[in-house]
Q: 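The following block contains the structure, expressed as structure tokens.
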There are 2 protein chains.
Amino acid sequence: MRVPCFECELRRCDAFKPINDVELAFINEMKRDHVALRAGAEIIAAGTEQAELYTLYAGWAFRFKTLPDGRRQILHFVLPGDLIGLQGAMFEASQYGVEALTDVEICVLPRRKVWSLYENMPELAFDVTWLGSREESIVDENLVSAGRRRASERIAALIISLYKRLNVLGLVVNGAMPFPLTQQHIADALGLSLVHTNKSLAKLRKLGMFAQINSTLLLSNPKALESLAQYFDEETPKRPLI
Amino acid sequence: MRVPCFECELRRCDAFKPINDVELAFINEMKRDHVALRAGAEIIAAGTEQAELYTLYAGWAFRFKTLPDGRRQILHFVLPGDLIGLQGAMFEASQYGVEALTDVEICVLPRRKVWSLYENMPELAFDVTWLGSREESIVDENLVSAGRRRASERIAALIISLYKRLNVLGLVVNGAMPFPLTQQHIADALGLSLVHTNKSLAKLRKLGMFAQINSTLLLSNPKALESLAQYFDEETPKRPLI
DNA sequence: CGCTCCCTTGAAGCTGTTCAAGCGATGTGG
DNA sequence: CCACATCGCTTGAACAGCTTCAAGGGAGCG
């Protein structure tokens, strides 16, 4: 199961910026394990001391917070190449949980070694900060959705943002993107009820904004969705991978 | 106007973790300027190339995004000791704006020098990442509010979180905290209309949750607000200051 | 004195929630 | 192999929370 970083499939993707051999060797040294988990598995449990940092190697996950009375808010969706658990590595216990949305594979980076990265590999340390900032910018945009967009705009914004993130990863083929979210996930991410999410989705489908077959979503006209959502952020062409 | 970091008033506060002389000298070397701005001034303009990173020395600010049609979402409020513009320092242009809410004083750290910090001062580099993660955790909680709490719960959550942040800074005296927000700011931060914000505020006041005099807010019973909001996160006792 | 800014209040109406019920696909144990 | 449970999606109907529209009032300032 172990995948050496030298043979990392993910890194071949254009989305990631090139890396030199020393840094790659260092990352390979840091990587303690490569773990496969089933959909629904808990990657990080809320409120627990957290020893590890992860990179999502394959599959989808999501980060969420739950109120004591059970209401759940999904904070953002995690796609391949994204870091998992940075906040948890900074503070004692993480305030949030992370759950596998599909079957996933994750690279395990022990928390202690992350510190050695700051001491020895400033470029990579900077990359960690960069990835943290990028994650925040995604949460920012979700907050704009929940706070200021109406239901169908929220859905449009979610879809177009996932589309752009998947696109740079090379996961969109002819406007078709993988889409494993249930309507409950969408509702929890956007601050909507399940019923209203269903009706708004149906409305957008009837408008011809997209089509869904099984777990793929077909986007004929991304620009239309973009302007419906008023979502114009672009993914950076080159990003770090740790 | 220039304040050497050795004489930093802010750093005397217990909230900040101790620092050694070498690091302090380095920060002092990094600090290019100390600027005072009036309430309403633009600290960072959305969509522009951004050369600087700032630390808020005194006063309040807020970070926000605006949709093309004018709807505005406040992402989080910036209090003394918080970093301003980290995302902007990572990417080419910042997606958001930052505005002074009250008169403010800010320390100016040139973007280039931030990189030298990663090369020379790993501990401080780690602190930058830490501060970024903490900012994200605040945005997380705001997203939970906008997505899953009802109007008066949102207001309660906002007030209690500001209370806790101000408290560790020593800015709460006998349950009285500075509160310079207008109802429009609150509405924009919580994803509510101005009218409904006003009515929900009045309701909470009548319930005896707090009282307002001029720009001060009196909290007799923080615990009551806390459980109304279902907001139980605690501020870390010791945080870095750069 | 008049302007602006912020707060306040009432009323009407819409967007989204909650409750309720049903359907098809998938999976499982008897 | 069928009965049964589960899961995700769908739809209708009633209701509520919040928005929008409208108007007015008080404090501060030039």
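Being a predicted model, the structure only gives us computed values, none of them experimental. Residue numbering restarts at 1 for every chain, and letters A, B, ... go by the order of the sequence lines.
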Q: Under a 4.0 Å threshold between the charged nitrogen and the carboxylate oxygen, would A/D82 count as salt-bridged to A/R165?
A: yes

Q: Looking at B/K164 and B/D233, is any side-chain nitrogen of the basic one under 4.0 Å from a carboxylate oxygen of the acidic one?
A: no

Q: Without decimals, in angstroms, what is the distance between B/R148 CZ and C/dT18 C1'?
A: 13 Å

Q: Would you mind telling me which of A/R72, A/K65, A/Q73 makes a side chain to side chain contact (heavy atoms under 4.5 Å, CB included) with B/R148?
A: A/Q73

Q: Round to the nearest Å and state the distance from B/R154 atom CZ to D/dG17 atom C1'.
A: 10 Å

Q: Rounded to the nearest Å, what distance is computed from the CZ atom of residue A/R150 to the C1' atom of nucleotide D/dT19?
A: 8 Å

Q: What's the CG-C1' distance between B/L190 and D/dC18, to the nearest Å?
A: 13 Å

Q: If you take all heavy atoms of B/G85 and B/Y96, which pair is closest and at what distance?
A: CA-OH, 3.3 Å

Q: Look at the side chain of B/V195 and decide which nucleotide, out of D/dC18, D/dT20, D/dC9, has an atom nearest to it.
A: D/dT20

Q: Find the bend of the helix from C/dC1-D/dG30 to C/dG30-D/dC1 as the angle between its two terminal axes (five pairs each), to the nearest 10°.
A: 30°

Q: Please report, rounded to the nearest Å, how far the C1' atom of D/dC9 is from the CD atom of A/Q184.
A: 12 Å

Q: For the pair made of CG in A/L194 and P in C/dC19, what is the distance, rounded to whole Å?
A: 13 Å

Q: Which atoms form the tightest heavy-atom contact between B/I84 and B/L53, and what is the distance?
A: O-CD1, 3.5 Å

Q: Describe the nucleic acid contact of A/S193 in one word from base, sugar-phosphate, nothing, applying a heavy-atom distance below 4.0 Å.
A: base

Q: I need the NE2-P distance between A/H185 and D/dG8, as an integer number of Å.
A: 8 Å

Q: Given A/R63 and A/F77, is the side-chain contact (heavy atoms from CB on, under 4.5 Å) satisfied, shown in steps?
A: CA-CA 6 Å; A/R63 196 164 67 88; A/F77 294 102; over 6 Å; no

Q: Has B/Q183 got a side-chain N or O lying under 4.0 Å from the OP1 or OP2 atom of C/dC5?
A: no

Q: Taking B/E141 first and then B/R149, would you say they form a salt bridge - that is, a charged N and a carboxylate O separated by under 4.0 Å?
A: yes

Q: Just wondering, more than 12 heavy atoms not from A/D14 lying within 6.0 Å of its CG?
A: no

Q: Short of 4.0 Å, heavy atom to strand atom, which residues of residues 62-79 of chain B count as contacting DNA chain C?
A: none

Q: Does B/F62 form a ring-ring contact (aromatic ring centres under 6.0 Å, His included) with B/H76? I'd like the steps, not just the answer.
A: CA-CA 6 Å; B/F62 62 91; B/H76 83 287; 9.9 Å; no

Q: Taking only heavy atoms on the protein side, list every residue of residues 196-214 of chain A lying under 4.0 Å from any atom of DNA chain D, sorted numerically.
A: A/N198, A/K199, A/R205

Q: In whole angstrom, what separates B/E153's CD from D/dC18's C1'?
A: 14 Å

Q: Return yes when atom CG of A/D69 has more than 12 non-hydrogen atoms of other residues, nucleotides or ligands closer than 6.0 Å, and no otherwise.
A: yes

Q: Taking the cut-offs as 6.0 angstrom to the six-membered ring centre and 45 degrees off its axis, would you call B/R11 and B/F16 a cation-pi pair?
A: no

